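None of the values given here were measured: they were computed from a predicted structure.
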Amino acid sequence: MAELKYEITEHLGDLREDARGWSKEVNLISWNEREPKYDIRDWAPDHSRMGKGITLTADEMAALKDLLNTIDFDSFE
C-alpha cells in the first residue's frame, strides 16, 4: 500500500475530545500534496494517528452548512 501523505494546512476547530485525548476536528487538509479540502475526523493528541472521517470540497461544505441551517436541533431535545 502506498504511503498516505497529509498536511493539516489550517485547524478550524474541535468538536469534542474523548477520555483518551483524541479529538474530533475540523481541518483543511492537503492529502497527497493536492489542494486542501475540508476534513472532519478523530485525531490522536499528537496527530500521529487518525480515525475514519469525511473529506469535503468547498462546495460540499457549503451545501452541508446550508443543510444544517435548515434543521431544527431544538426538536431533538
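Partners of T70 according to the side chain to side chain donor-acceptor pair (under 3.5 Å) rule, which considers only residues two or more places apart in sequence or in another chain, do not exist here. With sequence neighbours left out, the salt bridge (Lys or Arg N to Asp or Glu O under 4.0 Å) criterion links R20 to D18. Remark: R49 engages no residue in a salt bridge (Lys or Arg N to Asp or Glu O under 4.0 Å) (not counting sequence neighbours). Under the salt bridge (Lys or Arg N to Asp or Glu O under 4.0 Å) criterion, D39 pairs with R41, sequence neighbours left out. For E17, there are no side chain to side chain donor-acceptor pair (under 3.5 Å) partners, not counting sequence neighbours. Legend: residues meeting salt bridge (Lys or Arg N to Asp or Glu O under 4.0 Å) with K5, ordered by chain and number and at least two apart, are E33. Under the rule for a side chain to side chain donor-acceptor pair (under 3.5 Å), the partners of T57 that lie at least two apart in sequence or sit in another chain are E60.
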Worksheet item: Would K24 and D14 count as a side chain to side chain contact (heavy atoms under 4.5 Å, CB included) if you check the C-alpha gap in whole Å, the side-chain angles of each, and the deciding distance to 0.1 Å?
Response: CA-CA 6 Å; K24 186 171 302 285; D14 296 325; over 6 Å; no
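Screening residues 7-35 for ring-ring contact (aromatic ring centres under 6.0 Å, His included), with sequence neighbours left out, gives Y6-W31. The stretch residues 61-74 participates, sequence neighbours left out, in no salt bridge (charged side-chain N to carboxylate O under 4.0 Å, His left out) pair at all.
Contact detail for G21 and P45: the closest heavy-atom pair is O-CG, 3.4 Å.
Grouping Ile, Leu, Val, Met, Phe, Trp and Tyr residues whose side-chain heavy atoms lie under 4.5 Å apart, directly or via other members, places L64 in a hydrophobic cluster with L12, L15, V26, L28, Y38, I40, I54, L56, M61, L68, I71, F73, F76.
Distance CD/E25 to CG/D42: 9.0 Å, rounded to 0.5 Å.
In this structure, N27 contributes its side chain and I29 its backbone to no donor-acceptor pair below 3.5 Å.
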